[in-house]
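Residue numbering restarts at 1 for every chain, and letters A, B, ... go by the order of the sequence lines.
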Number of protein chains: 2
Amino acid sequence: MPKNDRARPPGPEPRPRPVLDEVDRRIVAELLRDGRTPNVVLARAAGIAESTCLSRVRALRERGIVTGVTAEVDLARVGLPVQAMVAIGFSGHLRADVDAFADEVSRLPGVVATYNISGANDFLVHVAAPTPEALRDFVLDNLTGRPGVVHAETSLVFHVNRGSDVLSAG
Amino acid sequence: MPKNDRARPPGPEPRPRPVLDEVDRRIVAELLRDGRTPNVVLARAAGIAESTCLSRVRALRERGIVTGVTAEVDLARVGLPVQAMVAIGFSGHLRADVDAFADEVSRLPGVVATYNISGANDFLVHVAAPTPEALRDFVLDNLTGRPGVVHAETSLVFHVNRGSDVLSAG
DNA sequence: ATTGAAATCACCTTTAT
DNA sequence: ATAAAGGTGATTTCAAT
């Protein structure tokens, strides 16, 4: 007698095999460290041939594991020395409103990222501005004023530390 | 009579001119969009010669404006489908303790970033974990347990939207 | 799927304007 | 700051396993 005789419903696999093998892990780790690492170096780091490495990297992109490569910019040095996290409380919680908020806010000038979260607040908006006044204007004009927003609490961001070992938790 | 007859102490310029000219802005914007953009394309996008573009990019790195290039990874697809923001309240607020917390926590497996902020809480720790249980363990073992931490409130992160127009706020 | 080798292409330096 | 040109080395394709 089988442990489970219900047929699995159609759709994406429920993750039968480990997500990343050791080779892929090394490639991803190296690309996290330096997204411009040339293919030759990547291949040596992973212990495989260059051509193999190339197809691996392509596969990682096609599988949606590596979604892009981006520059890291010191916002203070491009004229945006004031950063803040704005916690947003929402009213209706209709799916359409929630999605629209995230999409639209993410496109606003100065927005670093928008986090849709659980708990007392519904969003965290990470924003950068040239001056405290500009920050205030941003919050009043683009967040507080928006329909559905019932609460906005601004915290200054003094410093950001990027994690250096994200992958190891897997 | 000169407006200011004190001699400026030696060292880096106190930023007399605008931070980024139009050419640099275009380069940085393009590198934010795709950090692997080759120099030829970058040069065309900025409307300058390749050799000029090359020195511009070098200068941007040396000036600390572009601090690095990194891959963007879909954490859910590398075995870390559970993300959270943990708001941390601190007790002593000694500089050494605050700095140490940020540095050490950022090195822990699964930590995406650590934000030192103002307000009711002192830190936001963005963390990724394979399961809710692993998240709970992470918080109890690495955050709640740490000396100085008097409060920890965990919010699940449902979705993250990266900003697409950060620079325009400057 | 992985490889080594060969061809193509881009990067980067140099020179000179 | 630019353009042109050459050396260097990486990327990519391909036949073979």
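Here the side chain of L54(B) is nearest to one of dT2(D), dC12(C), dT11(D), namely dC12(C). Relative to the side chain of S51(A), the nucleotides dT3(C), dA10(C), dT11(D) differ in distance, and dT3(C) lies closest. For A49(A), taking side-chain heavy atoms from C-beta onward, the closest of the listed nucleotides dT13(C), dA10(C), dG4(C) is dG4(C). When distances run from any side-chain atom of R56(B) to the nucleotides dT2(D), dA1(D), dT13(D), the shortest one goes to dA1(D). Out of dT11(D), dT3(C), dA4(D), the shortest distance to the side chain of T52(A) is found at dT3(C).
The nearest whole Å value for the distance from the CG atom in D21(A) to the P atom in dT2(C) is 8 Å. The CG atom of L42(B) sits 17 Å away from the C1' atom of dT2(D) (whole-angstrom rounding). Rounded to whole Å, the distance from CG on N39(B) to C1' on dG9(D) is 15 Å. Atom P of nucleotide dG6(D) and atom CD of E50(B) are separated by 15 Å, given to the nearest angstrom. Counting to the nearest Å, the P atom of dT11(D) and the CD1 atom of I48(A) are 13 Å from each other.
Side-chain N/O atoms of R36(B) include none lying less than 4.0 angstrom from OP1 or OP2 on dC11(C).
Both V23(B) and L60(B) are assigned to one and the same hydrophobic cluster, defined by single-linkage of ILVMFWY side chains at heavy-atom distances under 4.5 Å.
The aromatic rings of F123(A) and F101(A) are tilted relative to each other, their planes meeting at an angle between 30° and 60°.
Electrostatic pairing of E22(B) and R26(B) counts as a salt bridge here, judged by a charged N lying under 4.0 Å from a carboxylate O.
Across D21(A), L42(A), N39(A), a single residue satisfies side chain to side chain contact (heavy atoms under 4.5 Å, CB included) together with R56(A), and that is D21(A).
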